[in-house]
Engineer: 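Got a structure here, written out as structure tokens. Questions coming.
Protein chains get the first letters and strands the later ones, always in sequence-line order, with residue 1 at the start of each. All of these numbers come straight from a predicted model, not from anything done at the bench. Only heavy atoms go into these numbers, but all of them, side chains included; no hydrogens, no water, no symmetry mates.
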Protein chains: 2
Amino acid sequence: MIESHFARIRARHALSTEEESAIRDAMGPSRAFDAHHTFIEAGTPLNVSVLLVEGIAGRYKDLSDGRRQITELHVPGDFADLHSFTLKQLDHNLISLTPCRVVLFPHSNLTELTERYPRIGRLYWFATNLDAAIHREWVLSMGRRTAIARTAHLFCELQVRLSLVGRAEADGFDFKLSQVDLSECLGLTDVHVNRSLRRLREAGLMTFRGGRVTLHDLDGLREVAEFDPSYLYLAPHPL
Amino acid sequence: MIESHFARIRARHALSTEEESAIRDAMGPSRAFDAHHTFIEAGTPLNVSVLLVEGIAGRYKDLSDGRRQITELHVPGDFADLHSFTLKQLDHNLISLTPCRVVLFPHSNLTELTERYPRIGRLYWFATNLDAAIHREWVLSMGRRTAIARTAHLFCELQVRLSLVGRAEADGFDFKLSQVDLSECLGLTDVHVNRSLRRLREAGLMTFRGGRVTLHDLDGLREVAEFDPSYLYLAPHPL
DNA sequence: CGTTCGTTTGAACGACCTCAACGATCGTGG
DNA sequence: CCACGATCGTTGAGGTCGTTCAAACGAACG
């Protein structure tokens, strides 16, 4: 059920079998959602954290005129709101962008887990800091990258993150979002996302069609995006 | 020396005198920097975390053409790179935007501190999650707010964060950044920042001149910005 | 077979950028 | 005390990237 979570952790840190089973013992019940269901709303008091095991989820904030900004995407194996363990409520919403399956972790279990295994606490702290690093890269994208580079960068990031949990290859991956969803990630209009995708396709770099990303030239795509994966902290880190 | 740090913590959480002195015991040496000195570079192995006690600092990332994006500002009392405690190196740089004074906390001291006082560990975890919340709001600003609203929003955020540590009032605060620095925070050109500031001034909302922000109409400014301070988690949170 | 949802394309507009010049302020040295 | 350079702020003119509005197209589905 949560194999992808362990894969994600082990991409960066060692994890003993004792630690692994301690994490398993902290698991609560599982839930499934249809696509486009907001399963956590900003401001709601929370006493569980949500681990995503299947599907793509997103964090988002809305402006009063209805325009929406997704601030981060989540892939299987990600703790989608480990933040709430310390924040106790969120400043943003969480939505399933495809059908999703999650596992709930009661905060009381997490308190016990992290007090008994302080190293797991630091591992999870690391995980939320990794979310912050992804946010920073998105700020850079929104602030300084053109629409083309920004679009290319998002697919480069997803390719890396999905391949860590066996959901992507170097030549492509399934990705069942609409162009409207994409535009909400990229801070662009859906019309302009469509045009950017066309230009990436015509440049022979990648195709996004029918819920599938095909990477014709990953190196070229990374060059356009100025993609430097160091913000994803892939090298093993002693902790 | 680190009174503003305790003020910042106590704005959100209770802190016993025992916890306070445990934090004091973890302090390392102090350092001072001139303005515009990059004091932590991306990729450098780190074994200390930096607490800002005086001045304004910023996290930034550069693109290959030299364009720069600041992804977060730090005010006195902020741990400017508590992230490195778990990440061990940063994906971005830290710069003093005004003359700054910092206190170093060796990671070994922080490990000891947080293992002995798990609640302080959660408080600091909260602090890095608050950084992530600020990042998300900036992603929203960059992606969906106009130049005027984005500029207004930044000053609203600073007013709140600085007043928590006694560096701002409802009618203004000292803020010795250049318009170029500001433009690197806002993902705009310096020219356009200048025009946005002019429009905010002509609308009777605020003036930024000579290193000083004067807030003529804070409510009006917040309205333009659609500023909702809940992302700063000001209400006391049991932890 | 009509409905719905997502994609694609065109034309016109506007927000922000680029480039360039000028002005204001301030510290420094003659 | 003034001249000077350096830095930062201000303004204008014109260009570009991305948006807005509108319409047509295609695929999936009951």
Engineer: Looking only at the side chain of A/Asn194 (C-beta and beyond, no hydrogens), which of the listed nucleotides C/dT8, D/dT19, D/dG9 gets closest?
Structural biologist: C/dT8
Engineer: Roughly how many Å is it from CZ in A/Arg198 to C1' in D/dG18, rounded to a whole number?
Structural biologist: 15 Å
Engineer: Between B/Arg67 and B/Asp62, is the closest basic N to carboxylate O distance under 4.0 Å?
Structural biologist: no
Engineer: Side-chain N or O of A/Thr189 less than 4.0 angstrom from OP1 or OP2 on D/dG18?
Structural biologist: no
Engineer: Nearest to the side chain of B/Val191 - D/dG9, C/dA11, C/dA20?
Structural biologist: C/dA20
Engineer: In terms of side-chain geometry, is the basic nitrogen of A/Glu184 or B/Arg144 positioned less than 4.0 Å from the acidic oxygen of its partner?
Structural biologist: no
Engineer: I need the residues from residues 143-151 of chain A with at least one non-hydrogen atom less than 4.0 Å from DNA chain D; give them sorted by number, or say none.
Structural biologist: A/Thr146, A/Ala147
Engineer: Salt bridge or not for A/Arg59 and A/Asp81, using N-O below 4.0 Å?
Structural biologist: no
Engineer: Could you tell me whether B/Arg167 and B/Asp174 have a side-chain N and a carboxylate O separated by less than 4.0 Å?
Structural biologist: no
Engineer: Rounding to a whole Å, what distance do you find between A/Arg201:CZ and C/dT7:C1'?
Structural biologist: 10 Å
Engineer: Which whole-number value in Å describes the distance from B/Lys176 NZ to C/dC26 P?
Structural biologist: 12 Å
Engineer: Using a 4.0 Å heavy-atom cut-off, does A/Arg209 contact any base of the nucleic acid, only the sugar-phosphate backbone, or nothing at all?
Structural biologist: sugar-phosphate
Engineer: Rounding to an integer number of Å, can you tell me how far A/Arg67 CZ sits from D/dG18 P?
Structural biologist: 15 Å
Engineer: Just the rounded figure in Å: distance from P of D/dC8 to CD of B/Glu184.
Structural biologist: 11 Å
Engineer: Of all the choices, D/dG9, C/dT7, D/dT19, which nucleotide is nearest to the side chain of B/Gln179 once you look at every atom?
Structural biologist: D/dG9
Engineer: In whole angstrom, what separates B/His192's NE2 from D/dG18's C1'?
Structural biologist: 14 Å
Engineer: Should B/Glu226 and B/Arg150 count as an ion pair when the cut-off is N to O under 4.0 Å?
Structural biologist: no
Engineer: Rounded to whole Å, how long is the line connecting atom CZ of A/Phe208 with atom P of C/dT7?
Structural biologist: 7 Å
Engineer: Name the closest nucleotide to the A/Leu188 side chain, picking from D/dT11, D/dG18, D/dC8.
Structural biologist: D/dG18
Engineer: Under 6.0 Å from the ring centre and within 45 degrees of the ring axis: does the NZ or CZ of B/Arg68 meet both conditions for the six-membered ring of B/Tyr60?
Structural biologist: yes
Engineer: May I ask you to say whether B/Asp228 pairs ionically with B/Arg222, meaning some side-chain N is under 4.0 Å from a carboxylate O?
Structural biologist: no
Engineer: Could you check how far CZ of B/Arg195 sits from P of D/dA13, rounded to whole Å?
Structural biologist: 11 Å
